Engineer: 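Take a look at the following structure, please.
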Amino acid sequence: MAVYAIVIHGGAGTIRPSSMTPEIEKVYKQGLQEALQAGYSLLEKGGSSLEAVKAAVMSLEDCVLFNAGRGSVFAKDGSQEMDASIMDGTTLMAGAVAAVRNIRNPVELAYTVMMKSQHVMLNGKGAYDFALAQGIKTEPAEYFHTPHRYKQWVRMQGSEETALDHSVPPEEGPSSAEITEGKKFGTVGAVAVDQLGNIAAATSTGGMTNKQWGRVGDSPIIGAGTYANNKTCAISCTGHGEPFIRAVTAYDVSCLMEYRGLSLQEAMHLVVHDKLLKIDGEGGMIGVDAKGNTAMLFNSEGMYRAMRNSNGQEEIAIYQ
Ligand code: ASP
């Protein structure tokens with residue numbers, strides 16, 4: 001049987017031990033552990049990589065700690081808009097939603113776009129109407145609202161500045177009380193390879209604080225924030241979306257493997273530590289290939305991340 005594996009991330013940015021307490025760190029790691037388990041247990045039972053990445057990302061969207069779904073960052077006008085995508089490396093089928101509001105699990109809607117529509121990406125009101133027609137769960141605006149995100153946004157309100165959710169000054173980061181009360185911080189993603197050697201990727205985010213409403217990041221763009229192809233790799237990115245879009249980041253890793261014969265690790269290293277840095281692309285990515293190789297690379301100070309495979313390897317980490 002081929003090696004099966006899952007890798008997840010909970011966002012990258014300026015994450016420093018000095019802005020953490022052991023208590024906060026523990027809660028983040030627990031959130032990652034639960035999502036890892038949600039995906040891995042499906043792989044263990046012979047489930048598909050597509051189902052595994054969807055389950056892991058939904059767990060992170062539902063987990064009160066991470067910025068995807070509930071607790072998403074605020075846009076310039078005080079609204080909360082979310083992006084998500086999913087891709088199946090076996091069929092190259094993909095689904096995505098951009099700038100959606102009130103959707104409890106944007107990745108589930110992206111999956112439904114892929115399975116039940118003729119399209120790859122839906123946005124805004126059209127995506128919302130499609131969600132209602134498909135019976136996808138919605139929530140009122142208050143469900144997505146958290147005091148910490150609101151504070152971050154108020155600081156930047158009226159400016160042209162935008163920020164990665166993890167790159168706020170430590171004094172404006174979550175207090176341990178907020179964390180334990182269940183506020184959430186961090187874009188999320190998952191990649192997996194199943195027992196048949198099929199791979200898949202998914203990403204979900206609230207985007208960047210103080211973004212222009214209507215702004216779409218890299219996360220829902222197939223080839224930029226998310227990509228999967230059994231021939232090469234499955235990738236989910238996190239970081240400053242605009243450079244990631246301009247670098248066609250996730251697909252670039254796949255191209256380097258396909259056309260230049262690089263390994264997953266080599267291709268990701270070149271993109272994260274060379275190509276992205278040259279265009280101020282702060283962030284990172286997780287990847288897997290059909291043989292079960294995995295990698296988690298970033299050029300920021302930290303990236304919430306975790307992996308587990310059927311060889312018994314498991315890792316949960318935050319800093320470099
Ligand atoms: N890439 C996301 C975006 O630009 C943000 C993040 O990964 O934290 O929307």
Side-chain angles (χ1 to χ4, degrees), residues 7-15 28 31-32 57 60-61 63 65-76 79-86 96-101 106-107 110 121 123 144 148-149 152-153 156 161-168 173-174 184-191 201-227 235-253 271-272 276 279-287 296-305 318:
V7 189
I8 62 172
H9 71 75
T14 313
I15 309 166
Y28 269 111
L32 289 168
V57 169
L60 291 164
E61 285 174 340
C63 169
L65 291 172
F66 297 95
N67 163 33
R70 189 179 190 196
S72 288
V73 295
F74 287 84
K76 223 172 221 164
S79 65
Q80 287 164 292
E81 295 186 333
M82 300 165 287
D83 299 334
S85 65
I86 189 163
V97 291
V100 294
R101 300 182 186 192
V107 76
M121 184 187 282
N123 81 93
F144 300 91
H148 168 70
R149 292 282 174 224
Q152 280 182 0
W153 171 66
M156 300 175 79
E161 221 186 318
T162 58
L164 283 178
D165 52 352
H166 294 312
S167 297
V168 292
K184 34 189 296 185
F185 313 93
T187 289
V188 307
V191 295
T203 311
S204 181
T205 187
M208 293 181 70
T209 300
N210 209 35
K211 63 186 181 183
Q212 166 67 39
W213 71 269
R215 176 263 191 187
V216 175
D218 60 313
S219 309
I221 298 181
I222 298 303
T226 305
Y227 189 71
I235 300 287
S236 169
C237 299
T238 171
H240 189 172
E242 281 71 11
F244 277 69
I245 294 172
R246 289 191 277 119
V248 200
T249 307
Y251 185 60
D252 197 25
V253 175
V271 171
V272 172
L276 276 171
I279 54 168
D280 292 328
E282 182 193 357
M285 61 172 73
I286 52 173
M296 314 186 270
L297 297 184
F298 51 101
N299 59 33
S300 48
E301 290 195 45
M303 181 171 84
Y304 294 99
R305 61 199 189 275
I318 301 176

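Each ligand, and each atom within it, is numbered from 1 in the order the structure gives. Everything numeric here is computed off the predicted structure, so don't read it as measured data.
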Engineer: Please tell me if the side chains of I235 and I286 come closer than 4.5 Å, counting only heavy atoms from C-beta onward.
Structural biologist: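 Contact flag for I235/I286 side chains = no.
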Engineer: Short list, please: which atoms of ligand 1 are under 4.0 Å from a heavy atom of G207?
Structural biologist: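 Matching atoms, with element in brackets: 9 (O).
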Engineer: Hey, is ligand 1 close enough to D83 that some N/O pair sits below 3.5 Å?
Structural biologist: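 N/O-N/O distance below 3.5 Å does not exist for this pair.
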Engineer: Would you mind running through ligand 1 and noting each atom that sits below 4.0 Å from a heavy atom of T238?
Structural biologist: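 Taking each heavy atom of T238 in turn, ligand 1 has 6 (C), 7 (O), 8 (O) under 4.0 Å.
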Engineer: Counting only nitrogen or oxygen atoms and a 3.5 angstrom limit, does G217 reach ligand 1?
Structural biologist: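 It does not: no N or O of G217 is found under 3.5 Å from an N or O of ligand 1.
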Engineer: Could an N or O of ligand 1 be found under 3.5 Å from any N or O of G241, whether backbone or side chain?
Structural biologist: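 So ligand 1 has an N or O lying under 3.5 Å from an N or O of G241.
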Engineer: Taking the inter-plane angle between the rings of Y227 and Y251 on a 0 to 90° scale, is it parallel (under 30°), tilted (30 to 60°) or perpendicular (over 60°)?
Structural biologist: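 Y227 vs Y251 ring planes: perpendicular.
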Engineer: Quick check: E242 and ligand 1, any N/O pair under 3.5 Å apart?
Structural biologist: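 E242 vs ligand 1: no N/O contact under 3.5 Å.
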Engineer: Can you name the atoms of ligand 1, numbered from 1 with element, that are less than 4.0 Å from a heavy atom of D218?
Structural biologist: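 Those atoms are 1 (N), 2 (C), 3 (C), 4 (O).
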Engineer: May I have all residue pairs that pass salt bridge (charged side-chain N to carboxylate O under 4.0 Å, His left out) and include part of residues 238-253, sequence neighbours excluded?
Structural biologist: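 Pairs touching residues 238-253 that pass the test: R215-E242, D252-K275.
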Engineer: To the nearest 0.5 Å, how far apart are SG in C63 and CG in L32?
Structural biologist: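 It comes to 8.0 Å.
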Engineer: For ligand 1, is there an N or O atom under 3.5 Å from any N or O atom of T205?
Structural biologist: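 The answer is no, given that T205 and ligand 1 share no N or O pair closer than 3.5 Å.
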Engineer: Measure the spacing between OG1 of T238 and OH of Y304 and express it to the nearest 0.5 Å.
Structural biologist: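 So the OG1 of T238 and the OH of Y304 are separated by 11.0 Å.
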Engineer: Where on R215 is there a heavy atom closer than 4.0 Å to ligand 1, on the side chain, on the backbone, on both, or on neither?
Structural biologist: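 For R215, the contact with ligand 1 is made by the side chain alone.
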Engineer: Excluding sequence neighbours, so at least two apart, what forms side-chain contact (heavy atoms from CB on, under 4.5 Å) with A99?
Structural biologist: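 A99 satisfies side-chain contact (heavy atoms from CB on, under 4.5 Å) with E81 once adjacent residues are dropped.
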Engineer: For the backbone of A75 and the side chain of Q80, can you confirm whether one donor and one acceptor N or O come within less than 3.5 Å of each other?
Structural biologist: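 No; judged by distance alone, with no hydrogens or angles, the pair does not exist.
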Engineer: Would you mind running through ligand 1 and noting each atom that sits below 4.0 Å from a heavy atom of G239?
Structural biologist: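 Those of ligand 1 that fall under 4.0 Å from G239 are 1 (N), 2 (C), 3 (C), 4 (O), 5 (C), 6 (C), 7 (O).
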